[in-house]
Amino acid sequence: MQRTGEVAPEPRLDATARVLELLGDPQHQVPVIQITGTNGKTSTSRMIESLLRAHGLRTGLFTSPHLVHFTERICIDGKPIAHAAVADNWDDIEPFLEIVDAELVSAGKPKITFFEALTILGFACFADAPVDVAVVEVGMGGTWDSTNVANAQIAVLTPVDLDHVGKLGRNIAEIAATKAGIIKPGAIVVSAAQKPEALEQINARAAEVGATVVLQDRDFELTEDIVAVGGQQITVRGRAATYSELYLPFYGDHQAQNAAVAITAVEAFLGDGERPLGEEPLTEGLALATSPGRLQLIGTDPTILVDAAHNPHGARSLRAAIERYFDVDEVALVAGILSDKDAAGIFRELAPIVTTALVTRSSSERSTDVDALAQIALSELPDTLVAPYEELVDALLAAREWADEAPRRMVVVTGSIVLGGEAIEIAADREWKA
């Protein structure tokens, strides 16, 4: 935690690769499915992992950031890794981190960063477990993200949109080119439906390295999506078969799209898209999948929903989910947004459903000042009551009180993954019914 944080990644692979080389290259000891994109990475990763586990494989799952506990980032067989296993593996890798730190400093380069060290720890834990397959979510971008030291045989791309423009590119084409960097020679690329400029970059990278692109709405598709209790019922036309009337315990049309991508990725891994998935493990894998902080109910009396939407694309999906899946008349928005995010764009996307907005901040040093965020909210929500709260807990309590005053009201907490995690902790501590 004392190392350079995730918001300031080093655009390099050599430092991570050097430590892993000293460790015997654990990233090459297990097959890897790697996931990138702008939104939906974590949910898609978790669905893929659950489906693989239901098919009898011992799985490793690497995601970021965590919502509540650090160990959420490294899961073995669907559960956060044991604290003792983290400590033991850290003891094993720390001397090698120090060796490479010294080499980097002598060369005038920055030491291993937090995320580089985390990536190394993740691969070491997977090799130690050991697992049959590792599902690895990219931290940021693709080409130079430290997870890209792995030679993933399946590359998964969720929809590409604008985010991290200061680091990944000024437009969708540049961002897509960076994300397409995870595509390795001979890999199978499973891609969600993309904007033309993003798809062009994905196809170009695949052609360059001899990879095969499997594209949503061309090679596979979501053919049915019906609202159901606690989620939705979907039908997916995969490459090997059509899978009908599957229960998905997630809200949001975008989650149904993520499920279609996940199913196709598992088809590709288990049988190169030529062998249908088993009905029982497919049903079980989807039904038992979870994605904390993504349209997650943390209270039901009144209804309180947490979603990690932190850019306009994610906010658009959140709004669509509320409009379709929740029968409410009024929404209180509890929002805290990091300073490097498009707060105006987030509020603009949510404006049609927001009745009142309570702006606050998370514990992150990158959180936008509450008064400044309130001014942005006022400009984008001109007909909405906007109230600032320095503490998230105060904003949540005020929102709950408002929701209790009339029927068909709900509270939505969004704008930051960190904020979502802190809201989940508050709800758990106060034992709100969910």
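Numbering starts at 1 and runs along the sequence shown. Keep in mind that the numbers below use all heavy atoms, side chains included, and drop hydrogens, waters and symmetry copies.
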Going by the side-chain contact (heavy atoms from CB on, under 4.5 Å) test, name the single residue among Val214, Leu277, Leu51, Ile188 that passes it with Glu267.
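Exactly one pass, corresponding to Leu277.
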Of Thr242, Ile263, Leu286, which meets side-chain contact (heavy atoms from CB on, under 4.5 Å) against Val236?
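For Val236, the side-chain contact (heavy atoms from CB on, under 4.5 Å) test succeeds with only one of Thr242, Ile263, Leu286, which is Ile263.
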Return yes if some donor-acceptor pair links the side-chain N/O of [X] with the main-chain N/O of [Y] below 3.5 Å, else return no.
| X | Y | value |
| --- | --- | --- |
| Asn148 | Thr143 | yes |
| Asn171 | Ala173 | yes |
| Thr414 | Ala335 | no |
| Glu274 | Gly271 | no |
| Gln194 | Thr158 | yes |
| Gln232 | Phe250 | yes |
| Lys184 | Val209 | no |
| Ser416 | Val418 | yes |
| Thr368 | Ile337 | yes |
| Thr235 | Thr223 | no |

I need the minimum non-hydrogen distance between [X] and [Y], along with the two atoms involved.
| X | Y | value |
| --- | --- | --- |
| Ile154 | Ala268 | CD1-CB, 3.8 Å |
| Phe220 | Gly238 | CB-CA, 4.2 Å |
| Leu338 | Ser362 | CD2-OG, 4.4 Å |
| Asp217 | Ala193 | OD2-CB, 3.8 Å |

Suppose the criterion is salt bridge (Lys or Arg N to Asp or Glu O under 4.0 Å): which pairs have a residue in residues 23-50, not counting sequence neighbours?
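Of all non-adjacent pairs touching residues 23-50, those that pass salt bridge (Lys or Arg N to Asp or Glu O under 4.0 Å) are Glu49-Arg53.
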Holding to side-chain hydrogen bond (donor to acceptor under 3.5 Å, both in side chains), I want the full list of residues that pass it with [X], two or more places apart in sequence or in another chain.
| X | result |
| --- | --- |
| Asn39 | Asn311, His313 |
| Glu174 | Arg170 |
| Asp253 | Arg324, Tyr325 |

Distance from [X] atom [atom1] to [Y] atom [atom2], nearest 0.5 Å?
| X | Y | atom1 | atom2 | result |
| --- | --- | --- | --- | --- |
| Ile81 | Asp128 | CD1 | CG | 7.5 Å |
| Ile120 | Ser146 | CD1 | OG | 7.5 Å |
| Thr44 | Gln257 | OG1 | CD | 10.5 Å |
| Ile182 | Thr147 | CD1 | OG1 | 7.5 Å |
| Asp307 | Leu318 | CG | CG | 4.5 Å |
| Glu103 | Leu22 | CD | CG | 7.0 Å |

ring-ring contact (aromatic ring centres under 6.0 Å, His included) with Phe96: which residues, sequence neighbours excluded?
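Result, ring-ring contact (aromatic ring centres under 6.0 Å, His included) vs Phe96: none returned.
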What I want to find out is whether Arg58 reaches Asp77 closely enough, with some N-O distance under 4.0 Å, to be called a salt bridge.
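Answer for the salt bridge query: yes.
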Residue among Arg3, Arg18, Lys111 satisfying salt bridge (Lys or Arg N to Asp or Glu O under 4.0 Å) with Asp101
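Only match with Asp101 under salt bridge (Lys or Arg N to Asp or Glu O under 4.0 Å): Arg3.
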Are there more than 12 heavy atoms of other residues, nucleotides or ligands under 6.0 Å from atom NE2 of His69?
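Count not over threshold, so no.
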Assign the ring pair Phe326 / Tyr251 to parallel, tilted or perpendicular, where the plane angle (0 to 90°) is split at 30° and 60°.
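Judged by the thresholds at 30° and 60°, the geometry between Phe326 and Tyr251 is tilted.
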If the condition is salt bridge (Lys or Arg N to Asp or Glu O under 4.0 Å), which residues does Arg239 pass it with, not counting sequence neighbours?
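Expected list: none.
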